[in-house]
Amino acid sequence: MIDHGENVSGSTAADLKQKVSEDIQSVTDFAHREATAASDKAKEAATDQKNILANKLGGVAQALEKAAAELENGENRDIGKLTRNLGTNLRNASARIEDRSLSEIAGMAEDFGRKQPLAFLSIAAIAGLAASRFLTSSAPNSGGEHGSTSSSPKTLTPSRAPSTSVAPTSLTTTEGRAYD
């Protein structure tokens with residue numbers, strides 16, 4: 001009878017192991033499907049943003065080409081030609097961005113950075129400056145100066161205040177004693 005009990009507990013343990021293994025596989029499959037779905041949604045959103053950017057670049061290119069036509073018809077023909085060239089290049093870049101995948105665009109940026117490091121760094125600096133200007137202009141004012149009608153003088157913030165360094169009033173020796 002003891003042998004029969006060990007056999008039952010052995011088969012129960014094997015069944016339990018099998019069930020746990022199936023559950024782990026089920027959870028792994030579910031996690032993989034969800035991660036793939038999330039990744040696909042992120043790629044789709046990034047592609048949508050890329051296409052929006054390409055359309056905006058195309059709009060800027062169109063505006064530059066209109067400005068170039070006006071400049072070329074006026075007294076600024078040289079500036080008009082440069083503006084038209086810039087608009088054409090921007091339109092071409094817009095078309096290249098729209099026709100490529102995100103990985104291809106990243107590869108293009110990497111190649112450009114290798115071939116033209118100074119231009120790449122300049123563009124990155126300009127983009128950073130534009131982003132910081134955008135963020136600071138869109139940040140809410142923290143001083144409550146909007147509806148202030150009081151006649152109190154405005155105080156300067158530390159970054160805009162004139163430098164006022166104060167000379168020490170006493171001399172200190174190396175032993176730490178002060179002499180006045």
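The distance from atom CZ of R84 to atom CG of L71, rounded to the nearest 0.5 Å, is 9.5 Å. Remark: S103 OG to K43 NZ distance equals 8.5 Å, nearest 0.5 Å. With values rounded to the nearest 0.5 angstrom, L64 atom CG is found 11.5 Å from L82 atom CG. Taking CZ from R114 and CZ from F120, the interatomic distance works out to 10.5 Å, rounded to the nearest 0.5 Å. The line from CG of D40 to OG1 of T47 is 10.5 Å long, rounded to the nearest 0.5 Å. Here NZ of K56 is found 12.5 Å from OG of S94. Values are rounded to the nearest 0.5 Å.
Side chain of E104 to main chain of S101: a donor-acceptor pair is present (N/O by atom type, distance under 3.5 Å, no hydrogens or angles). With T36 contributing its side chain and H32 its backbone, the two residues share a donor-acceptor pair below 3.5 Å.
Residues N51 and E98 have side chains in contact (heavy-atom distance under 4.5 Å, counting atoms from C-beta outward). L90 places none of its side-chain heavy atoms less than 4.5 Å from the side chain of L86.
Here the options are D99, I97, L53, the test is side chain to side chain contact (heavy atoms under 4.5 Å, CB included), and the partner is I105; only I97 passes. If you run side chain to side chain donor-acceptor pair (under 3.5 Å) between E22 and each of Q18, K19, Q25, only Q18 comes through.
The salt bridge (charged side-chain N to carboxylate O under 4.0 Å, His left out) analysis of residues 57-71, with sequence neighbours excluded, yields the pairs E65-R91.
Ion pairing between E72 and K81 fails under the 4.0 Å rule for side-chain N and carboxylate O.
Closest heavy-atom contact between A119 and F112: CB-CZ, 3.8 Å. The nearest pair of heavy atoms linking A61 to G87 is CB-O, 3.3 Å.
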